[in-house]
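What follows is a single structure, written as structure tokens, with notes after it.
Please read all numbers here as calculations on a predicted model, not as lab measurements. Residues: numbered from 1 along the sequence shown.
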Amino acid sequence: AETKPAGNLRVDDRTGLLAGGNTGPAVVPGQPDKSLLLKRVAAGDKKRMPLEGEHLTDEQIAVLTKWVADGAAWPKPTVPAGLTAPKPKYE
């Protein structure tokens, strides 16, 4: 990405969520109680995420919590076939 994330936290890929930012892992698969992302989206103070715009509903937080509890599955990236095909040898 071309931007510097706030608190060094990237939420646009699984690696960023697992690595977390300045305060530790954002998501701990299978352990919603240790997942900082869930604490922030459900917080009742000025640290609640997102900082701007509408907050998640209770139903959305429940879905996110279940996703983390179930292992935080993430779709595998798709790689175009041309990138994985053998390259011809040049002599």
Where at least one partner belongs to residues 48-65, residue pairs that pass salt bridge (charged side-chain N to carboxylate O under 4.0 Å, His left out), sequence neighbours excluded =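 For residues 48-65: none.
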message = Donor-acceptor check, side chain of R14 to backbone of A72, threshold 3.5 angstrom: yes or no?
response =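 Yes, because the side chain of R14 sits within donor-acceptor range (under 3.5 Å) of the backbone of A72.
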request  = Mind jotting down which residue pairs meet the side chain to side chain donor-acceptor pair (under 3.5 Å) criterion with at least one end in residues 16-32? Sequence neighbours excluded, please.
outcome  =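 Matches after skipping sequence neighbours: N8-N22, Q31-K34.
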ask   = Do L18 and P29 come within less than 4.5 Å of each other through their side chains, counting heavy atoms only?
value =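 A side-chain contact under 4.5 Å exists here.
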query = Does L37 belong to the same Ile/Leu/Val/Met/Phe/Trp/Tyr cluster as W74, with side-chain heavy atoms less than 4.5 Å apart forming each link?
reply =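 Yes; W74 is reachable from L37 via cluster members.
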ask   = Do you reckon V41 sits in the same ILVMFWY cluster as L36, going by side-chain contacts under 4.5 Å, direct or chained?
value =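 No; L36 is not reachable from V41 via cluster members.
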message = Quick check for you: to the nearest 0.5 Å, what is the distance between K39 atom NZ and M49 atom CE?
response =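 So the gap between those two atoms works out to 14.0 Å.
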Which atom pairs, one a donor and one an acceptor, fall under 3.5 Å between side chains of residues 60-70 and the rest of the protein, sequence neighbours left out?
residue : atom : partner : partner atom : Å
Q60     : OE1  : T57     : N            : 2.7
Q60     : OE1  : T57     : OG1          : 3.3
T65     : OG1  : I61     : O            : 2.8
K66     : NZ   : D70     : OD2          : 2.6
W67     : NE1  : A73     : O            : 2.8

